Amino acid sequence: MNYEHRSIEKKWQKNWEEKNTFRTEILPEKKKYYVLDMFPYPSGAGLHVGHPLGYIASDILARYKRLTGFNVLHPMGFDSFGLPAEQYAIQTGQHPAKTTEKNIDRYREQLKSLGFSYDWEREVQTSDPSYYRWTQWIFLQLFDSWYDKKANAARHIDELISFFEKEGNTTIQASHSCQLSFDAEQWKSFDEKTRSDVLLDYRLTYLAETVVNWCPELGTVLANDEVKEGLSERGGYPVVQKKMRQWMMRITAYADRLLDGLEKLDWSDSVKDMQRNWIGRSEGASVFFEIEKRKDLIEVFTTRPDTLFGVSFMVLAPEHPLVGSLVTSEHKESVLNYVEQASRKSERDRISEVKKVSGVFTGSYALHPLNKEKLPIYISDYVLLGYGTGAIMAVPSGDQRDWNFARAFDLPIPNVIEGADISEGADESKGGRLINSDFLNGMPVEKAIKAMLSHLEEKNIGLRKIQYRLRDAVFSRQRYWGEPIPIYFNDGIPMAMDESELPLELPEVDKYLPTKEGDPPLARAEGWHTPEGFPIEANTMPGWAGSSWYLFRYMDPTNTIEPFSQKNVNYWRNVDFYVGGAEHATGHLLYSRFWTKFLYDTGKLPEDEPFKKMLNQGMIQGKSAIIHRYNIGYIDREDGQIKTRETNLYLSNHFARNLQDGKYGPKDLERLIDEKYGKGYAREHHLISPNIEIAPATRIHVDVNLVDGEELDVIAFKQWQPRFKDAIFLFEEDEKFIILCEVEKMSKTKFNVINPDELIERYGADSLRCYEMFLGPVEQHKPWDQKGIEGVSRFLKRFWALFHEGTDFMVLDDKAPLEAKKAFHKFLKKVSEDIERLSFNTVVSEFMILTNALVAMKCRSREILEPFVIAISPYAPHIAEELWEKLGHKSSVTFEKFPLHDDSYLKEDNVKYPISFNGKVRFTLEVESGTAGDLLQKMVLEHEDSQRWLEGKNPKKVIIVPNKIVNIVV
RNA sequence: GCCGAAGUGGCGGAACUGGUAGACGCGCUGGAUUCAAAAUCCAGUGAUGGCAACAUCGUGCGGGUUCGAUUCCCGCCUUCGGUACCA
């Protein structure tokens, strides 16, 4: 009987569903283990072979943990709010909820066809009102909280209010953005609007006017992590800086805890480092500089207070608030010009112009805080308003950017480090001793920093400060398809909705576009106000809101009175094993840690980290097939411009390269075409370019399914798309059209997507599961290689055949031979070790080795085959269930015990020692296991081969590595 | 520039704390089976020399530690990922 993967897999998937095999509940007597995948955004394209990689790994671990006695929580859901569904809605008018629902159904079906052991009863969808009700609820908790730096925890806003009533805000240690300072009396005298504004500056979600990343194409703002190199992460549209009033999340309050918490996490170093860099803690000092003839001060941040005597000028960011008042009349024009220019530059322009030095003098001077020297104040866009104070003290001898600026504007470069060579550039090393620095002279840098810090604080002209690169996160999106923000405005004062009014459901709108006035789409909705007529916030939440806490909802997905019950969260606590891409390092993974810490502060959670251990799966890339379309370059008669015209001639890689390299000219091409298609063909069909230099070929991505190895099926290509119907080709003499192969990210537009459905149909889910693991370490990026799956498929067939004699199921009850038992226990030891250390790829090899060994030994003993089926079930669950049933079991293999290996079978009767002289292996000696060291040594030295190698020399040393090698040093 | 990861046959990759490098799979070569093909099975497969036993070389490059290094240390090169006028 052959291995019929189609019927077997269908049968067991149905069986699992009907019997609800993977339903999970709290079992207090059992230890819990929570295995979670990053839930997907259900895109219209469905899953490709890259998606399941991580899901397979986590499913193997979940199934393995079940077999080893854990109560495993292994859920799946959908991050179903997002831009693509909304863009589709704008184009087609179809409600995003509908598109999303359709996509989710497809995803769920695909996931089920892979045989994952998810408890589908726990599925969550972030766009479901019963879910986002609690996302809104958490928003309100954040809104009602402030961060107490002294207690190092979030606290309720009411406590802050009563504190203000007693002492004002001058003594409190809190994370805030409040410019005002007031005492209790003043607080009491404030009107409602002022109080609200002050409180907003303390709340963990707050409204603020800030510079944000505005993406005009998408019509919305983006968080820092959603911008890559000045372009939007989704869509790749330009992003500009814009000042806007937006909802913000005070994540900076948690900067230190987010940093320190990394220590105890079992995550990869690279992701932890990414978070550390993103948080970007740097220790230094705030220093205040007086402005000449004025009372106010310029505050700067520096990590090198020791170089204070090396300051020769000041630089402000062009947007700095003091610029307007500092500029003198004679410099007004140039400064205004410069500010204007800088404001028009996008983030991207700034990045590309990094090397250029620009700036202008304001006409004003600052005074050195210690020696009162006059320091000219410049503005330049190399100083950023968003970091530190938006102003710097320039130390050209110690900072390359300051050095460049000093050179360009002919400013002095005083040296403050003994022996530093600053003729060709700044000395940025933190070494040497101070000179020309008054009381710091002779001190090494580290000591000088401390001395200066104390001095500054003593004289009250500066103070120790810790600066973070991390910014508060923008929380509003001018979009429809997101969680509505449960806030309404009473006379401009933002008011929290009552919990009982949640969920605040998304309203119906006529169009998914902003209003004429530029308000977000929600403003189009009729009745988007409270019963009293107060307008409701029209912005929605960003994509990361729902994904920041979903792991906890899985613990109690149907709870209607709270996001999750204490009972459930106290049992499941947090995720033991999280699988997902490293690309979320500075987004989802950081926000999620932030919300978890906040919910921990409020007492809702027993743990303050969401994910204990994490595995970052690599991307499976596609192999794109590229051919070249020949272009004719010509000079347009009308405007004299050089232009190119497309042809229907397609070139193989070989020809395209030669054309590109100039090895072929127009004459060669004409000859080749005529040779192939008949004399005069090229001329007749206008395929002769007068000027071949101009863009001779365009790269075209071809569907990888039209390619076998590197060869294009030209007939299929002609039928692929109507525009290729009349294609003609030039290719190698051996009649093979060789394409150009490139490894890229899988995407629809590159026609390099490999769909798992077809592979499952052809080879089965078990084969696909095993193969994706076999491909290599899960963490690594790797191109999809279609050919290797055959090998794994062959192995499963052989495994199946192990249980069958001809068409009959045949397992014998006789004793297994000792050799087979040894092989089996060696296998068990290795497999359990490898799964525990997440080496999923080597386990597949072990399956193959054991299968081959059993086939060779013709071993069909139940004694071995039965536990073998259990061991293989995490990888190939369907075939395992089928064989388990055939072995006469009524229960599912899911609930069996993972077989333990027995060390007594692993002992070798004889040990083969490679005997080496000076590290070089000369012969092998077989001795009985357990032979004592000194006896072994004697045997080795008396061996005739040893005598030959020693040639009368005396061995200096004999090294015996137990069970491994004997090394004789001569 | 800085931070992180990685460089092993024709290819994907093994070698977990230093101990016979190349497991396992793909591909390739030869053979069996077949009218033939597919499928399956058997054998071989790092390089060089040799009929062979065997010898020499070999884990990006150059050094070092060690009886012994893919593994540890120092200096480079390359690729990938992150990040950036961060003061």
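Convention: sequence-line order gives letters A, B, ...; per-chain numbering from 1. It should be emphasised that the depicted structure is a prediction, and the values quoted were computed from it without experimental measurement.
When rounded to the nearest whole Å, the span between CZ of Arg407(A) and P of C85(B) equals 24 Å. The CE-P distance, from Met274(A) to C80(B), rounds to 16 Å in whole Å. The interatomic distance linking Gln275(A) (CD) with U83(B) (P) rounds to 12 Å, in whole Å. To the nearest angstrom, P of G82(B) lies 15 Å from CG of Leu589(A). Between Glu772(A) atom CD and G13(B) atom P there is a gap of 14 Å when expressed in whole angstrom units. Distance Trp278(A) CH2 to C3(B) C1': 15 Å, rounded to the nearest Å. Distance CG (Leu384(A)) to C1' (C86(B)): 7 Å, rounded to an integer number of Å. One atom, CD of Gln400(A), and another, C1' of G1(B), lie 11 Å apart when rounded to the nearest Å.
G12(B) is paired with C24(B) under the criterion used here, namely a Watson-Crick or G-U wobble arrangement in which both key atom distances are under 3.5 Å. In this structure, G49(B) forms a base pair with C54(B), meeting either the Watson-Crick or the G-U wobble geometry with both donor-acceptor distances under 3.5 Å. The partner of G30(B) is C42(B), by the rule that a Watson-Crick or G-U pair needs both atom distances under 3.5 Å. The partner of A36(B) cannot be assigned: no Watson-Crick or G-U wobble pair with both contacts below 3.5 Å exists in any strand. With a 3.5 Å ceiling on both atom-pair distances, U71(B) lacks any Watson-Crick or G-U wobble partner. Judged by Watson-Crick or G-U wobble contacts below 3.5 Å, the nucleotide C80(B) has G4(B) as its partner.
Residue Gln780(A) places at least one side-chain N or O under 4.0 Å from the OP1 or OP2 atom of G13(B). Contact between the side-chain N/O atoms of Arg469(A) and the OP1/OP2 oxygens of A84(B) is found at a separation under 4.0 Å. Phosphate proximity of C86(B) to Arg401(A): present, with a side-chain N or O under 4.0 Å from OP1 or OP2.
Distance noted for atom P between U17(B) and U70(B): 15 Å (whole Å). G4(B) sits 27 Å from G63(B) when the P atoms are compared, rounded to a whole Å. Nucleotides G58(B) and A32(B) place their P atoms 40 Å apart, quoted to the nearest Å. G25(B) sits 29 Å from A36(B) when the P atoms are compared, rounded to a whole Å. Comparing G12(B) with C73(B), their C1' atoms sit 31 Å apart, to the nearest whole Å. Taking atom P in both C86(B) and C77(B), the straight-line distance is 23 Å, to the nearest Å. Between the C1' atoms of U78(B) and U59(B), the separation comes to 16 Å (whole Å). Atom P of G81(B) sits at a distance of 16 Å from the matching atom of G13(B), rounded to the whole Å.
Atom CG of Leu53(A) and atom CH2 of Trp784(A) lie 9.0 Å apart (nearest 0.5 Å). With rounding to the nearest 0.5 angstrom, the CG atom of Leu906(A) is 9.5 Å from the NZ atom of Lys822(A). Put simply, CG on Asp834(A) and CZ on Phe840(A) are 10.0 Å apart, with the number rounded to the nearest 0.5 Å. Taken from SG in Cys770(A) to OH in Tyr763(A), the straight-line distance is 14.5 Å, to the nearest 0.5 Å. Between the NE2 atom in His584(A) and the CG atom in Asn616(A) there is a gap of 10.5 Å [rounded to 0.5 Å].
In terms of position along RNA chain B, the nucleotide closest to Lys797(A) lies nearer the 5' end than the nucleotide closest to the other residue of the pair Lys797(A) and Tyr387(A). If you find the closest nucleotide of RNA chain B to Thr389(A) and to Ser839(A), the one lying nearer the 5' end belongs to Ser839(A).
Side chain of Arg837(A), nearest nucleotide from C16(B), A84(B), A87(B): C16(B). When each of C67(B), A87(B), C85(B) is scored by its nearest atom to the side-chain atoms of Asp381(A), the top-ranked nucleotide is C85(B). Taking every side-chain heavy atom of Asn841(A) into account, G13(B) is the closest of A15(B), G13(B), C86(B). Of the candidate nucleotides A5(B), A87(B), G19(B), A5(B) has the atom lying nearest to any side-chain atom of Asp269(A). Out of G4(B), A14(B), A87(B), the shortest distance to the side chain of Val383(A) is found at A87(B).
In this structure, Pro783(A) reaches neither bases nor backbone, as no heavy-atom distance under 4.0 Å exists between it and the strands shown. Among the protein residues, Ile959(A) comes within range of the nucleic acid bases, having at least one heavy atom under 4.0 Å from a base atom.
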Test Leu775(A) against Gln780(A) for side-chain contact (heavy atoms from CB on, under 4.5 Å), laying out the working first. CA-CA 10 Å; Leu775(A) 220 45; Gln780(A) 241 166 62; over 6 Å; no
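G9(B) takes the syn form, because its glycosidic angle lies no more than 90° either side of 0.
Side-chain contact between Val300(A) and Ile298(A) is present, with heavy atoms from C-beta onward closer than 4.5 Å.
When all heavy atoms of Gly50(A) and Ile620(A) are compared, the pair lying nearest together is CA-CB, 3.8 Å. Pairing each heavy atom of Ser358(A) with each of Phe405(A), the nearest pair is O-CE1, 3.5 Å.
Taking the six-membered ring for Trp and thresholds of 30 and 60 degrees, Phe313(A) and Tyr378(A) have ring planes more than 60 degrees apart, a perpendicular arrangement.
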Please enumerate all protein N or O atoms sitting under 3.5 Å from an N or O of nucleotides 20-26 of chain B, with distances to 0.1 Å.
from, atom 1, to, atom 2, distance (Å)
G25(B), OP1, Asn852(A), ND2, 3.4
C26(B), OP1, Arg794(A), NH1, 2.7

